[in-house]
Amino acid sequence: MVATPILPLEAPSPAHICPFDQACSYLDQAARELKLDAGIIDILSNPTKVITVSVPIRRDNGELQVLAGHRVQHSDILGPCKGGTRYHPAVTLREVSALAMLMTWKCALMGIPYGGAKGGIAIDPKRYSVTELERITRRYTSELIKDIGPSVDIPAPDMGTSAREMAWMMDTYSMNVGHAVPGVVTGKPLSIGGSLGREMATGRGVMIIVRSALADLGKSLEGIRIAIQGFGNVGGAAALLMHAAGAKIIAVSTSYGGIFAEDGLDIPALKAYADNNRRSIVGFSGAEPISNAELLTLPCDVLVPAALENQITKDNVHQIKAHIIAEAANGPVTLEASEVLEAKGVIVLPDILANAGGVVVSYLEWVQGLSYLFWDEERVNQEMEQLMVRAYHQVIAKSRERGISLRLAAYTLGVGRVAQALKDRGLYP
Ligand code: GLU
């Protein structure tokens, strides 16, 4: 039995690695491991709700433009749907559906009471003014008003969005329902109920998972050579925290290009440089320029792809020299490439484990909001670390017990918990 989604998704171009097909392949592998019934696989491979709304906006020059806004709710079996909102030119309904499914397994793996969702609009936010982005976000939110809410579906930041967009979403939702509803989104600014530690959370989670994997090899982060693709919210935070823990960050890249320094980069200085250069790191003194493709194949201990999906594929996998790969982005290593790496003994720390820090602190933000009690940053980081480390050990144990890859172990745990909840809840009516 293979996952057979009934979704009316647009067909992928043949040359393209379809993220939704990949997500279904992971589900199939986990389902085989769990010996799930065909009917259960059918339910789990189809999202509960697929929403596409029209988002008409007026550009600053007076022109009208109509955008397509997506929100896919993959599952609400374990709790409200949860997941980010992505603004990126490559967004498609297929990609959003795949990412929504990954959120379901990620939340289940972390043991937090959510289902999975994802939203997205295919725009390059760099090409829109702040006021245009505000109009886009507000119109998109109001089109989704009946489908989101603190116990229904809770958006958060993702690629191309941040606390700023979450504040607009929260305000639009609140104005529509007539009272302030901070719990409708997470990753909000602190002023409206955001959590301390949320901004760095995904990067911190990556650091915790890499540190745990190194500890299992009898090592610490001290002196470890790390290359990071991406220097945004995830890659930048992971770089700062791993650098602070003594690692040598030898290369970093963004969509503008990358830099390399044999003895390690001064990450706090690089962060300040990027903040002053519209996030470009090219031209940073004391470093050589390198391309994104070169960064991926550098000899290093740990490679952290923290940008887009499908970065390590069958085409470049044989050149990869890292011993550990931490998937800080969603799906940066394809299924085929993962199998090659695992056969070579490379440790691939899968996305639904390695990048779960963001949604874990989103959960802690939601819990603090619901209880009207706000914690200091130390408490947030401690609670998050506990959940991350627990999931890491569960994945390692499952992988050893079954003799399967870390990725399959993580999916087996996530999918297994959702399937069990589905069986226990039964089918309505
Ligand atoms: N966008 C992040 C992710 O992919 C965070 C989602 C959230 O906090 O709900 O995990």
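What's counted below: heavy atoms across the whole structure, side chains too, no hydrogens, waters or symmetry copies. As the structure lists them, so they are numbered: ligands from 1, and atoms in each ligand from 1. Here, residue 1 is the first one in the sequence, and each next residue gets the next number.
Distances shorter than 4.0 angstrom do not occur between any heavy atom of R86 and any atom of ligand 1. The shell of residues lying under 4.0 angstrom from ligand 1, judged by heavy atoms, includes K118. At least one heavy atom of G83 sits less than 4.0 Å from an atom of ligand 1. Within the 4.0 Å heavy-atom shell around ligand 1 one finds P157. Proximity of R198 to ligand 1 is established by a heavy-atom distance of less than 4.0 Å.
The 12-atom threshold is exceeded at CD of E401, counting heavy atoms of other residues, nucleotides or ligands nearer than 6.0 Å.
Electrostatic pairing of R211 and E385 counts as a salt bridge here, judged by a charged N lying under 4.0 Å from a carboxylate O. Comment: R94 engages D21 in a salt bridge, judged by a side-chain N to carboxylate O separation of less than 4.0 angstrom. A salt bridge links K271 with D275; the closest basic N to acidic carboxylate O contact falls under 4.0 Å. Under a 4.0 Å N-O distance rule, the pair E309/R86 qualifies as a salt bridge.
M101 is listed as a side-chain neighbour of C24, based on a closest heavy-atom distance under 4.5 Å. In this structure, the side chains of D153 and K49 stay at 4.5 Å or more apart for every pair of heavy atoms.
Heavy-atom proximity to V359, at under 4.0 Å, picks out these atoms of ligand 1: 7 (C), 8 (O), 9 (O). Annotation for ligand 1: atoms under 4.0 Å from non-hydrogen atoms of N330 are 4 (O). Applying the 4.0 Å criterion to heavy atoms of M103 picks out, from ligand 1, the atoms 3 (C), 4 (O), 6 (C), 10 (O).
Annotation: atom 1 (N) of ligand 1 to nearest protein heavy atom, D158 OD1, 2.7 Å. The shortest contact between atom 8 (O) of ligand 1 and any protein heavy atom is with S362 OG, 2.5 Å. At the top of the distance list for atom 9 (O) of ligand 1, counting protein heavy atoms only, stands K82 NZ, 2.8 Å. When hydrogens are left out, the protein atom nearest atom 7 (C) of ligand 1 is A156 CB, 3.3 Å; that is the closest non-hydrogen contact. Atom 3 (C) of ligand 1 has its closest protein heavy atom at K106 NZ, 3.4 Å.
Between H74 and W105, the ring planes are perpendicular. Angles over 60° get that label, and only those under 30° would be called parallel.
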Checklist entry - For Y87 and T137, what are the C-alpha separation, side-chain angles and deciding distance, and is it a side-chain hydrogen bond (donor to acceptor under 3.5 Å, both in side chains)? => result CA-CA 10 Å; Y87 289 175; T137 307; 2.9 Å; yes

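Neither the backbone nor the side chain of V361 has any atom closer than 4.0 Å to an atom of ligand 1 (non-hydrogen atoms only).
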